[in-house]
Amino acid sequence: MTGADRRYEVILGSASPARLTVLRNAGLDPRVVVADVDEDHLLGTMAAENPGDAVTRLAQAKADSVIATLLNERVDHAASSDAQTLPDLVVLTCDSMLLYRGTLTGKPHSAQVAIEQWKRVRGDEAQLLTGHCVAHIRGLDVVGRSAESASTVVRFASVDDDEIEAYVSTGEPLEVAGAFTLDGRGGWFIAGIEGDPSSVIGIGLPTVRHLLRRLDIPVTSLWSPTSTA
Ligand SMILES: Nc1nc2c(ncn2[C@@H]2O[C@H](COP(=O)(O)OP(=O)(O)OP(=O)(O)O)[C@@H](O)[C@H]2O)c(=O)[nH]1
């Protein structure tokens, strides 16, 4: 049986509504299983790591957490029937951070930090890094894993203080990496990007396609049936 013939269930190991929307708009209908990872603690142990490797390691840690949850589910199921009869699982996890002048930043979490972030980057450019991990589970075994990061140059417009205050007051930038959204109100203030827009929003479609191909899984075999089919 080739990768194109097998039945898969896609698992998005993320609480990110943006990642879910990107995947649904791109033809997948993932089940969400949120990872339980202390990202700040893990990041603290990776100070010396290359930034791209750091976000990839975070994505892999999220994958480890989600895989453990899924295998526990399956072990319970296997007690009552053969786990081999279950569909294969494709697990997707990510971690996004902004790299600016050598410093990685995640979500601001507060208005003050978001305002400071915008006043630093306005009129300048930075890289939005997203680490990706793809894992393939068959029965009770992880039969494949691949991971890599994607980098997109983001050019920030020369926004004025009033625009920054107005944007931050919406609350939108507080819980997104780099304190901006490309596909939301932040879009007014992004002068341009060089690279994959989906990776900026949270999950890079070309990167995931490439990682799936490494596991001999065509992304088209994961697509939901089209309404015209
Ligand atoms: N809508 C939108 N969200 C963005 C953008 N840039 C970053 N984000 C979000 O910022 C968040 C980055 O934080 P992460 O730690 O990678 O992910 P998370 O939201 O904590 O969710 P987990 O995957 O469960 O850790 C993600 O939810 C991204 O989707 C953007 O341009 N648009």
Side-chain angles (χ1 to χ4, degrees), residues 10-26 28 30-44 46 51-70 90-100 104-110 113-114 117-118 121 125-135 147-157 159 167-168 170-205 207-208:
V10 178
I11 306 293
L12 173 60
S14 174
S16 168
R19 289 189 175 119
L20 184 57
T21 300
V22 166
L23 293 178
R24 281 183 172 157
N25 289 345
L28 302 190
R31 173 161 70 102
V32 172
V33 176
V34 178
D36 179 15
V37 168
D38 182 343
E39 295 178 49
D40 291 338
H41 168 73
L42 254 182
L43 201 58
M46 294 190 271
D53 294 342
V55 292
T56 302
R57 287 269 306 275
L58 284 166
Q60 290 174 313
K62 293 177 186 180
D64 292 342
S65 166
V66 171
I67 288 166
T69 301
L70 294 167
V90 172
V91 182
L92 309 175
T93 55
C94 296
D95 191 80
S96 299
M97 298 189 80
L98 188 74
L99 178 64
Y100 181 61
L104 269 178
T105 52
K107 307 173 188 176
H109 296 307
S110 76
V113 172
Q117 169 77 22
W118 267 98
V121 297
E125 66 182 46
Q127 290 79 42
L128 197 290
L129 305 182
T130 295
H132 301 75
C133 184
V134 175
E148 74 182 31
S149 63
S151 174
T152 306
V153 173
V154 179
R155 282 193 294 279
F156 295 91
V159 289
Y167 180 43
V168 172
T170 69
E172 180 188 276
L174 303 191
E175 296 307 324
V176 289
F180 77 97
T181 62
L182 190 62
D183 54 325
R185 295 172 191 255
W188 297 98
F189 312 123
I190 303 301
I193 67 168
E194 279 169 39
D196 164 27
S198 56
S199 178
V200 175
I201 297 170
I203 184 165
L205 296 176
T207 300
V208 172

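This chain uses plain numbering: 1 for the first residue, then up along the sequence. Numbering of ligands and ligand atoms starts at 1, following listing order.
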Enquirer: Under the criterion side chain to side chain contact (heavy atoms under 4.5 Å, CB included), I'd like the reasoning laid out for L23 against L205: C-alpha separation, chi angles, the key distance, then a yes or no.
Expert: CA-CA 8 Å; L23 293 178; L205 296 176; 4.0 Å; yes
Enquirer: Looking at non-hydrogen atoms alone, which of I201, I190, T181 comes nearest to atom 4 (C) of ligand 1?
Expert: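 Answer by nearest heavy atom: I201.
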Enquirer: When you compare the side chains of T130 and R19, does any donor N or O come within less than 3.5 Å of an acceptor on the partner?
Expert: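 Result is no, nothing qualifies.
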Enquirer: Give the residue and atom name of whichever protein heavy atom lies nearest to atom 9 (C) of ligand 1, and the separation in Å to one decimal.
Expert: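 The closest heavy atom on the protein side is V176 CG1, 3.8 Å.
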Enquirer: Students should be able to answer this: which protein heavy-atom is nearest to atom 27 (O) of ligand 1, and at what distance?
Expert: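 Closest protein heavy atom to atom 27 (O) of ligand 1: S16 OG, 2.9 Å.
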Enquirer: Step through the shown structure and confirm whether more than 12 heavy atoms of other residues, nucleotides or ligands are within 6.0 Å of CG on D38.
Expert: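 Above 12, so yes.
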Enquirer: Looking at D53, T56, L104, which hits side chain to side chain contact (heavy atoms under 4.5 Å, CB included) with L129?
Expert: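 Checked D53, T56, L104 against L129; only one passes side chain to side chain contact (heavy atoms under 4.5 Å, CB included): L104.
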Enquirer: Relative to the heavy atoms of A18, which atoms of ligand 1 are at a distance of less than 4.0 Å?
Expert: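 Answer, ordered by atom number: 1 (N), 2 (C), 3 (N), 29 (O).
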Enquirer: Tell me, which protein residue and heavy-atom name are nearest atom 17 (O) of ligand 1, and how many Å apart are they?
Expert: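 Checking every protein heavy atom, the shortest distance to atom 17 (O) of ligand 1 gives R19 NH1, 3.0 Å.
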Enquirer: Under 4.0 Å, heavy atoms only, figure out whether ligand 1 is touched by the backbone of K62, its side chain, both or neither.
Expert: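 For K62, only side-chain atoms sit under 4.0 Å from ligand 1.
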Enquirer: Assess the residue pair I190 and T181 against the criterion (side chain to side chain contact (heavy atoms under 4.5 Å, CB included)); give the C-alpha distance rounded to whole Å, side-chain angles, the decisive distance to 0.1 Å, and a yes or no.
Expert: CA-CA 9 Å; I190 303 301; T181 62; over 6 Å; no
Enquirer: Provide, to 0.1 Å, the distance between atom 2 (C) of ligand 1 and the closest protein heavy atom, together with that atom's residue and name.
Expert: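 It is D183 OD1, 3.3 Å.
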Enquirer: Regarding atom 11 (C) of ligand 1: of the candidates A15, S14, A177, which has the closest heavy atom?
Expert: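 Nearest heavy atom to atom 11 (C) of ligand 1 lies in A177.
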Enquirer: Taking atom CZ as the centre, does R155 end up with more than 12 heavy-atom neighbours from other residues, nucleotides or ligands that are less than 6.0 angstrom away?
Expert: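 More than 12 heavy atoms, drawn from other residues, nucleotides or ligands, come within 6.0 Å of this atom.
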Enquirer: Please walk me through it: do F189 and F180 pass side chain to side chain contact (heavy atoms under 4.5 Å, CB included)?
Expert: CA-CA 9 Å; F189 312 123; F180 77 97; over 6 Å; no
Enquirer: Heavy-atom distance to atom 19 (O) of ligand 1: which of K107, E39, M97, E175 wins?
Expert: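 Ranked by closest heavy atom to atom 19 (O) of ligand 1, first place is K107.
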Enquirer: Considering only non-hydrogen protein atoms, determine which one is nearest to atom 31 (O) of ligand 1 and report residue, atom name and distance to 0.1 Å.
Expert: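 That would be L182 N, 2.7 Å.
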Enquirer: Taking atom CD1 of I203 and atom CG of D95, what is their separation to the nearest 0.5 Å?
Expert: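 Taking CD1 in I203 and CG in D95, the distance rounds to 12.0 Å.
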Enquirer: Distance to 0.1 Å, residue and atom name: give those for the protein heavy atom nearest to atom 6 (N) of ligand 1.
Expert: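 Here the nearest protein heavy atom works out to V200 O, 2.9 Å.
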